[in-house]
Amino acid sequence: MNVLGIETTCDETAAAIVTVEEDGRGAILSNEVLSQIAEHAAYGGVVPEIAARAHVEVLDRLIARALANAGMALADLDGIAVAAGPGLIGGVLVGLVTGKTLALVSRKPLVAVNHLEAHALTARLTDGLAFPYLLLLASGGHTQLVAVKGVGEYVRLGGTIDDAIGEAFDKVAKLLGLAYPGGPEVERAAEGGNPERFALPRPMLGRREPNFSLSGLKTALRIEAERIAPLTHQDVADLCASFQAAVVDVVVDRVRVALRDFGPVAGHPTALVAAGGVAANGALRRALAYQAGEAGLPLVAPPLPLCGDNGAMIAWAGIERLRLGLTDDITAPARPRWPFAQAKDIPQAKDVAQVSAWADGRTAG
Ligand code: KG4
Ligand code: ZN
């Protein structure tokens, strides 16, 4: 089974061919990613109109290259998978219309893939992981802890009530004058910094439900930065290190609670899986690997090129769905919002108020 995967939901244009080997494992035959970072850098974030236009300009050539590098023609495919959301609607439409057109002209089945589901299933492509597993999905737009029980069976144990983790990294980077996207920049700066210099809050630490709140942490960092301005190179490094340490502490604590909640929902997990762009963070990976080890589980985190947005994960999610006979037709909608996991619990507004009050008091620990 050979499947083409198309990804255009944010600022990466991507196309890949993934195949299934004899033993049922996936193999990536080609994986083309064109980042639009340079186009958005001047604005410190993704500009939707620019993103959509940039996808249109390169997608056809990128697909041709993915096919050529896999030594294939359209006729050799068994399906076409395309991310139909969630994401920026202009970009999603570019990918979806392209995928539908290719499926129509080549008479191949179409799979409209949920971008988050694709992140969630990547560990099965890279590591052949069995269900069920605990997923930490952390990207620029999403932060969730999910019990992955099977294809299409996802239970949301917790998530962020305000900013996504990647978004918090991006905002902190912007605040400190670092480049976009902020995650890798903050991580790099943190390497030379003292994580204990600033006592930043650990929002939600110890809470019974495995939810996150990042906006108070970001505010606390801003207040510290303003207090000691103008910032030296070392100040920036120390702020980044202190911020990253706070995020790692919070994530480890939230994952601990999610592991506790996992059993009643899904049984014994095969692994702890970290996915999404933030899973590229080395400090977070190290902390999670230690924590998983303590729980007697392996940590499965995709290799770095598969952490961020890519076409291979879309193709793989397409394969998982095709194997179950789950296909879509020409009417498949583009969805700017598309929750992929069923909610277990919805945080109350009063929790948000309490967390903000606590974070504003900047109580560490
Ligand atoms: O999954 P992804 O590529 O795109 C979305 O679907 O959002 O994730 C991008 C996010 C950005 O917010 C970026 O700053 C963050 O992942 N990120 C990181 C690192 N690399 C990327 N955050 C922390 N540390 C990193 N090394
Ligand atoms: Zn993503």
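Every number for a ligand or one of its atoms is a count from 1 in the order of the listing. Every value quoted in this text rests on a predicted model; they were computed, and no experiment measured them.
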So, 4.0 Å and heavy atoms of Cys10: is ligand 1 close enough to count as a contact?
no
When every non-hydrogen atom of Ala112 is compared with those of Ala332, the smallest separation belongs to CB-CB, 3.9 Å
Scanning both residues in full, the closest heavy-atom pair of Phe198 with Ser242 reads N-OG, 3.4 Å
Taking only non-hydrogen atoms of Glu187 and a 4.0 Å limit, the atoms of ligand 1 in range are 25 (C), 26 (N)
among protein heavy atoms, the one nearest atom 4 (O) of ligand 1 is Asp309 OD2, 3.1 Å
* Asked: Within the structure, does Gly166 bring an N/O atom to less than 3.5 angstrom of an N/O atom in ligand 1?
  -> yes
query = Does any donor atom in the side chain of Tyr154 or Glu117 lie under 3.5 Å from an acceptor atom in the other side chain?
reply = yes
of all protein heavy atoms, closest to atom 24 (N) of ligand 1 is Asn281 ND2, 3.0 Å
Only residue of Glu32, His55, Glu7 satisfying side chain to side chain donor-acceptor pair (under 3.5 Å) with Thr13 is His55
Angle subtended at the Zn ion (ligand 2) by His115 NE2 and Asp309 OD1, to the nearest 10 degrees, is 90°
Honestly, for Asp170 the part within reach of ligand 1 (heavy atoms, under 4.0 Å) is side chain
With heavy atoms and a 4.0 Å threshold, my read on which part of His115 contacts ligand 1 is side chain
With Val82 as partner, the option from Val113, Val111, Leu110 fulfilling side-chain contact (heavy atoms from CB on, under 4.5 Å) is Leu110
Heavy atoms of Ala15 and Ala66 approach each other most closely as O-CB, 3.7 Å
Here the atoms of ligand 1 under 4.0 Å from any heavy atom belonging to Gly140 are 5 (C), 7 (O), 8 (O), 9 (C), 10 (C), 12 (O)
*asked:* Under 3.5 Å between any N/O of Gly277 and any N/O of ligand 1: does that happen in this structure?
replied: yes
Margin query: Check whether Arg124 reaches the backbone of Leu129 with its side chain - one donor and one acceptor, N or O, closer than 3.5 Å.
Written below: yes
When distances are taken from atom 22 (N) of ligand 1, the protein heavy atom at minimum range is Gly183 CA, 3.3 Å
Exercise. Could you confirm whether His119 has any N/O/S atom lying under 2.8 Å from the Zn ion (ligand 2)?
Key: yes
So the atoms of ligand 1 within less than 4.0 Å of a heavy atom of Gly308 turn out to be 3 (O)
Next on the checklist: For a distance under 2.8 Å, tell me if Cys10 has an N/O/S atom near the Zn ion (ligand 2).
Outcome noted: no
* Trace of the salt bridge (charged side-chain N to carboxylate O under 4.0 Å, His left out) decision for Glu57 with Arg53 -> CA-CA 6 Å; Glu57 279 164 16; Arg53 236 168 253 261; over 6 Å; no
Note: ligand 1 atoms sitting under 4.0 Å from heavy atoms of Gly141 are 7 (O)
In ligand 1, the atoms that come under 4.0 Å of a heavy atom of His119 are 1 (O)
For the residue pair Asp163 and Ser215, confirm or rule out a side-chain donor-acceptor distance under 3.5 Å.
no
For Leu176 and Ala225 the tightest heavy-atom approach is CD2-CB, 4.2 Å
